[in-house]
Amino acid sequence: MKKAFKMTAGALALSLTFMGAGFTVADAKEKDKEILNVSHRGASGHAPEHTITSYKMGEQMHGDYIEVDLQMTKDGELIAMHDETLDRTTNGTGQVKDYTLEEIKQLDAGSWFNQKYPEKAKAEYEGLKVPTLQEVFQTFGKNANYYIETKSPEVYPGMEQKLADMVKEYDINKDTLLVQSFSADSLLKMNQIDPSMKLVQLMWYTSPAALTDAEVQVIKQYAIGVGPNSAMIDQEYVQKVVENGLEIHPYTVNDKDEMQKLIAWGVTGMFTNFPDLLHDVKKGK
């Protein structure tokens, strides 16, 4: 998660068309619901990120949501991978968009984890494959909780339509499905394709976070919440978001004290590489 939130002129103009269209967002304070425990790239603190193994471990560790970052192959297949490039999490090199799915399926998406984290290394991580979104849906079923990000949508024209088509094909439960992006344009496309999709606007700040009233009102027209980088927000920011009826799911929180602080501030969920740790914090351990 690295791109700044920018409401482009086009996105702003498009979003204004939704104003007054009857969109409603429940007040997170009134709901008084459980803090969402989002397994960031699966239980990526314990296993190679964005692998079926990592996603399964996230479920076992009481994660509420499976987070899936999307990239798209040369032949138009949606795969689970954070980076636009293969280099960091596989033994391949170069841009995802320059390789077919068949080529990417030849790569090892697990051994890098053993090399980087020898204290957590497991033999079964060697040779793990990059999963497609289709395989994720087939593995976990239509009623699992998915938190899907359209990564670099400007690089992959048509990504939003492909995602919507796959959600429909696999009859994914849209009551719990969340789609997030740093790109307001991408989220607005999702909203046009399927207004019933629940969307979250990702935010990236390089200095203490602030949201203007105008920004809040625009975001509320198409999204149910925001996802800021946790290190840059304060209690005032959290309260402003929640008081405006939006969810707030900061990323990426891997420290117990930080988790406790954010919960005290009133966040409605958070992303973590260690869903087991957040589960313990929620239980008061």
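The first residue in the sequence is number 1, and the count goes up from there. Computed from heavy atoms alone, side chains included, the values below leave out hydrogens, waters and symmetry copies. Just so we're clear, the structure is a prediction, and the values are computed from it rather than from any experiment.
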Item to complete: Would you indicate whether the side-chain heavy atoms of K129 and L107 approach each other to under 4.5 Å?
Response: no

Fill in: Salt-bridge present (K261, E258; N to O < 4.0 Å)
yes

Worksheet entry | Residue pair H82 / K151, side-chain donor-acceptor N/O under 3.5 Å | yes

Practice prompt. Could you please spell out the steps behind the side-chain contact (heavy atoms from CB on, under 4.5 Å) verdict for M270 and Y251?
Written response: CA-CA 6 Å; M270 66 187 81; Y251 64 89; over 6 Å; no

Fill in: Check: E149 side chain, E67 main-chain N or O, donor-acceptor pair, under 3.5 Å
no

Worksheet item: Looking at side-chain heavy atoms only, is the closest gap between K105 and V130 below 4.5 Å?
Response: no

Item to complete: Determine whether the side chains of D213 and Q217 contain a donor N or O and an acceptor N or O closer than 3.5 Å.
Response: no

Item to complete: Could you tell me whether the side chains of T73 and D75 share a donor-acceptor contact shorter than 3.5 Å?
Response: yes

Discussion item. Test your reading of the model: is there a side-chain donor-acceptor pair from D87 to the backbone of G94, 3.5 Å cut-off?
Written reply: yes

Item to complete: Would you check if the distance from the ring center of F140 to the ring center of Y146 is below 6.0 Å?
Response: no

Fill in: Worked check of side-chain contact (heavy atoms from CB on, under 4.5 Å) between L163 and L70
CA-CA 9 Å; L163 171 57; L70 294 182; 4.2 Å; yes

Item to complete: To the nearest 0.5 Å, tell me how far W204 CH2 sits from M232 CE.
Response: 7.0 Å

Discussion item. If you define the side chain from C-beta out and look only at heavy atoms, does anything of K198 sit under 4.5 Å from L177?
Written reply: no

Worksheet item: How about D108 and S111: does a side-chain donor come under 3.5 Å of a side-chain acceptor?
Response: yes

Discussion item. Closer than 4.0 angstrom, basic N to acidic O: yes or no for E215 and K240?
Written reply: no

Worksheet entry | Residues E84, V155; criterion side-chain contact (heavy atoms from CB on, under 4.5 Å); working and verdict | CA-CA 9 Å; E84 289 178 45; V155 177; 3.7 Å; yes

Discussion item. Would you say that T272 contacts V38 through its side chain, given a criterion of any heavy-atom pair below 4.5 Å between the two side chains?
Written reply: no

Practice prompt. State, without any angle test, whether S196 and D194 hold a side-chain donor-acceptor pair at a distance under 3.5 Å.
Written response: yes

Worksheet item: Any donor and acceptor pair, going by atom type alone, linking the side chain of K120 with main-chain N or O of A47 inside 3.5 Å?
Response: no

Worksheet, complete the sentence: Sorted by chain and number, sequence neighbours left out, side-chain contact (heavy atoms from CB on, under 4.5 Å) with E102 holds for T100, Q106

Worksheet item: Of all residues at least two apart in sequence or in a different chain, which pass the side-chain contact (heavy atoms from CB on, under 4.5 Å) check with N273?
Response: H40, S44, T252, N254

Discussion item. Any donor-acceptor pair under 3.5 Å linking the side-chain atoms of Y170 with those of Q138?
Written reply: yes

Discussion item. With a 4.5 Å cut-off on side-chain heavy atoms, are T268 and E34 touching?
Written reply: no

Fill in: Donor-acceptor pair between E160 and T150 side chains, under 3.5 angstrom
no

Practice prompt. Check side-chain contact (heavy atoms from CB on, under 4.5 Å) between N173 and all other residues, then give those that pass, not counting sequence neighbours.
Written response: N143, D175, T176

Response to the item:
Sorted by chain and number, sequence neighbours left out, salt bridge (Lys or Arg N to Asp or Glu O under 4.0 Å) with K97 holds for none

Worksheet item: Would I224 and V200 count as a side-chain contact (heavy atoms from CB on, under 4.5 Å) if you check the C-alpha gap in whole Å, the side-chain angles of each, and the deciding distance to 0.1 Å?
Response: CA-CA 6 Å; I224 67 155; V200 176; 4.3 Å; yes

Worksheet item: What's the shortest heavy-atom distance between M81 and Q71, and which atoms?
Response: O-CG, 3.2 Å

Discussion item. Salt bridge check, D98 against K74: does any charged N sit closer than 4.0 Å to a carboxylate O?
Written reply: no

Fill in: Check: S183 main-chain N/O paired with S186 side-chain donor or acceptor under 3.5 Å
no

Item to complete: Share the residues that join L128 in a hydrophobic cluster, the rule being Ile, Leu, Val, Met, Phe, Trp or Tyr side chains under 4.5 Å apart at the heavy-atom level.
Response: M57, M61, W112, F113, Y117, Y125

Fill in: I79: which of V96, V136, L133 passes side-chain contact (heavy atoms from CB on, under 4.5 Å)
V96

Fill in: Listed partners of E126 passing salt bridge (Lys or Arg N to Asp or Glu O under 4.0 Å), at least two apart
none

Worksheet entry | Separation between CD of Q115 and CG of N91, rounded to the nearest 0.5 Å | 9.0 Å

Discussion item. Any side-chain to backbone donor/acceptor pair from S39 onto G42? Under 3.5 Å, distance only.
Written reply: no

Discussion item. Checking E49 against S54: is there a side-chain donor and acceptor pair closer than 3.5 Å?
Written reply: no

Worksheet entry | Exercise: identify the closest heavy-atom pair between I35 and G269 | CG2-CA, 3.6 Å

Practice prompt. Assess the side chains of D69 and H50: does a donor N or O sit below 3.5 Å from an acceptor N or O?
Written response: yes

Worksheet entry | Whether N244 side chain and L246 backbone form a donor-acceptor pair below 3.5 Å | no

